[in-house]
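Per chain, numbering begins at 1; letters A, B, ... match sequence-line order. Source: prediction; values computed, not measured.
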2 protein chains.
Amino acid sequence: MSESTDNYLKHLFALSQHNQAGISTSALAQKLDTRAASVTGMLKKLHRDGLVLHTRYKGTVLTARGRRIAAAIVRRHRIWECFLADYLGFGWDKVHDMAEKLEHVQSEELIDRLDQLLGFPTVDPHGDPIPGKDGKLPAASGQLALSETRPGDRVIIRGARSESPDFLQHLSSIGATPGVALWVKQVLPFDRSVVVRIKNNLHTLSAVAAAALVVSKNRMP
Amino acid sequence: MSESTDNYLKHLFALSQHNQAGISTSALAQKLDTRAASVTGMLKKLHRDGLVLHTRYKGTVLTARGRRIAAAIVRRHRIWECFLADYLGFGWDKVHDMAEKLEHVQSEELIDRLDQLLGFPTVDPHGDPIPGKDGKLPAASGQLALSETRPGDRVIIRGARSESPDFLQHLSSIGATPGVALWVKQVLPFDRSVVVRIKNNLHTLSAVAAAALVVSKNRMP
DNA sequence: ATTATTTATTAGGAATGCCTAATTTTCTAT
DNA sequence: ATAGAAAATTAGGCATTCCTAATAAATAAT
């Protein structure tokens, strides 16, 4: 189990949180900062090793075993983030990169003792939930609909409470995809439309759309 | 700078503590648990990169840069060992393997803050000295001459207070080389010769020899 | 429906870092 | 001094994991 494998599983796990469909090779390549061709090759190995199910040209999903391992990695990452913040006083902007390296140290006993030292935290310094030893993620905290935000809020898009292709298509066209930052500029009083800024562009979302767009004030690991 | 590189430098550093001459390829191969041929290849790269000076068939020494990096690795290793022992309650037998992995996480700020959290320790849980930020090792503590031990002691050979080729040659012939464990069986009253066990063989060292053999009750990292 | 575009895959290659087997150099003992 | 033993090196390979370029499949647009 190499660090590379860890990173593939970790990002597949994260992407799976907001995609019930299989993860695309390009989405994964972007997260991993590698080329799609490299990802295809690695996915073949992960498939061969029973960690993912990969269907040519279709997408990839984690197997139960792959998901279990991925959850353990995310657990390590977030527990280390807690330690770095609580014991060493690092800010939320620094803990991520260090935890990125510490997460690859595989020792269940080490993590369990850290967990205990930290008082069994359930969320990391970004407010993101820490998977339990069983691999289960506590209900995501800090998530809300865009319609529940107020002008001035800066949030991260998490997903959508709708499978409508039209709706998702529209979100994509304005760059509103999971992980992207969004600034709430104003809520129009007469129809409760929400004006938001995404990467220097202003967009207006109807009240219906705003109610279906899930955001959070936290960052993912 | 790979983990492999780290390990080469770390072991070269450790071996250099007790060898003023260049380190032999086979000694390094043994520490690294790899084949001599692999070591030769890697030493070429380290030489090319200015981390060691390697003379074909002669031996290898660290350059100033290599030694500085090696000291930083040992520093990380031993500070992590302190953390694992002091904060997570791991015993001396467990801290080594975990620190072996944690030492490869490169963040000076991380180590400095850990150092501060631990109160700037000068020795690790095995009693071995922690290199300072400048790469300097505090005077080795816990080291003593074999003549200062008592029957029943179990010590590790650290080196010799003599450059006499005859003496060192004799020590080698009975397997008394740095890193090797030695059990003190008895001290003969009439001439203070010391009877020791090394790997199931009993040997007798004169009082003069015992006074020149440096041992410690600790383990190296 | 067919073309154009995007997405994914294969093909072929490079750098690491390890291996075994064969060879060369050095050391040791007569 | 020289034969034999020990140590170190070179030669040739293998597995990972990445890359670029070329091809194939799927999706979108006319």
Side-chain angles (χ1 to χ4, degrees), chain A residues 1-12 15 19 21-49 51-61 100-101 104 106 165-166 168-173 175 177, chain B residues 1-12 15 19 21-61 66 73 100-101 104 106 165-166 168-175 177:
Chain A
M1 201 98 317
S2 67
E3 292 199 8
S4 221
T5 301
D6 276 8
N7 288 330
Y8 275 81
L9 295 179
K10 178 180 66 173
H11 281 114
L12 279 168
L15 287 167
N19 281 277
I23 305 304
S24 73
T25 298
S26 54
L28 189 51
Q30 198 210 318
K31 290 287 183 187
L32 289 161
D33 195 27
T34 57
R35 297 316 176 101
S38 308
V39 172
T40 298
M42 185 62 114
L43 287 176
K44 276 188 182 173
K45 275 193 206 103
L46 297 180
H47 184 104
R48 179 200 66 194
D49 297 345
L51 297 169
V52 306
L53 293 175
H54 175 236
T55 317
R56 276 169 92 241
Y57 292 104
K58 292 301 180 183
T60 305
V61 291
E100 197 89 308
K101 298 172 189 163
H104 301 298
Q106 276 167 333
D166 300 322
L168 296 173
Q169 162 63 33
H170 176 243
L171 290 179
S172 295
S173 74
T177 52
Chain B
M1 201 98 318
S2 68
E3 293 198 7
S4 220
T5 300
D6 278 6
N7 288 329
Y8 274 81
L9 296 179
K10 178 180 67 174
H11 281 115
L12 279 168
L15 287 168
N19 282 277
I23 305 305
S24 72
T25 299
S26 54
L28 189 52
Q30 197 209 318
K31 290 287 183 187
L32 288 161
D33 195 29
T34 56
R35 297 317 176 105
S38 308
V39 173
T40 298
M42 185 61 116
L43 287 176
K44 278 187 180 174
K45 273 192 209 109
L46 297 180
H47 184 105
R48 179 199 66 192
D49 297 346
L51 298 169
V52 306
L53 293 177
H54 176 236
T55 317
R56 277 168 92 245
Y57 293 105
K58 291 302 178 183
T60 305
V61 292
I73 297 162
E100 197 88 311
K101 297 172 188 164
H104 300 297
Q106 276 167 333
D166 300 321
L168 297 173
Q169 162 63 32
H170 176 242
L171 289 179
S172 294
S173 74
I174 62 171
T177 52

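- When the side-chain nitrogen and oxygen atoms of A:Ser24 are compared with OP1 and OP2 of C:dT7, none of them lie within a distance under 4.0 Å.
- With sequence neighbours excluded, no residue satisfies side-chain contact (heavy atoms from CB on, under 4.5 Å) with B:Gln30.
- Atom CG in A:Leu46 sits roughly 13 Å away from atom P in C:dT9 (whole-Å rounding).
- Rounded to 10°, the helix from C:dA1-D:dT30 to C:dT30-D:dA1 has 0° between the axis fitted to its first five pairs and the one fitted to its last five.
- Between A:Ile23 and A:Val61, the closest side-chain pair of non-hydrogen atoms is not below 4.5 Å.
- Distance, B:His54 NE2 to D:dT10 C1': 12 Å, rounded to whole Å.
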Compile the donor-acceptor pairs under 3.5 Å between side chains in residues 40-54 of chain B and protein atoms, sequence neighbours left out, one pair per line.
residue : atom : partner : partner atom : Å
B:Thr40 : OG1  : B:Ala36 : O            : 3.2
B:His47 : ND1  : B:His54 : N            : 2.9

Tell me, with the steps shown, if B:Thr60 and B:Leu28 meet side chain to side chain contact (heavy atoms under 4.5 Å, CB included).
CA-CA 10 Å; B:Thr60 305; B:Leu28 189 52; 5.8 Å; no

Report, as a single string ordered 5' to 3', how protein heavy atoms within less than 4.0 Å touch nucleotides 17-30 of chain D: B base, S sugar-phosphate only, - not at all.
BSBBB--BSS----

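- A straight line from CG of B:Leu43 to C1' of C:dG17 spans 13 Å, rounded to a whole angstrom.
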Check the pair B:Glu3, B:Lys10 against salt bridge (Lys or Arg N to Asp or Glu O under 4.0 Å), reporting the backbone distance first and the verdict last.
CA-CA 10 Å; B:Glu3 293 198 7; B:Lys10 178 180 67 174; over 6 Å; no

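- Among residues two or more places apart in sequence or in another chain, the side-chain contact (heavy atoms from CB on, under 4.5 Å) test is passed with B:Ser26 by B:Ser24.
- For B:Ser26, whose side chain is taken as the heavy atoms from C-beta onward, the closest listed nucleotide among D:dA7, D:dT9, D:dT10 is D:dA7.
- A side-chain donor-acceptor contact under 3.5 Å links B:Ser2 to the backbone of B:Thr5.
- For the pair B:Leu32 CG and C:dC19 P, the interatomic distance rounds to 10 Å; values are reported in whole Å.
- Residue B:Lys44 places none of its side-chain N or O atoms closer than 4.0 Å to OP1 or OP2 of D:dT9.
- For A:Thr34, the side chain to side chain donor-acceptor pair (under 3.5 Å) test picks out no residue, with sequence neighbours left out.
- If you measure from atom CD of A:Gln30 to atom P of C:dT6, you get 16 Å, rounded to the nearest angstrom.
- Under the rule for a side chain to side chain donor-acceptor pair (under 3.5 Å), A:Ser38 has no partner lying at least two apart in sequence or in another chain.
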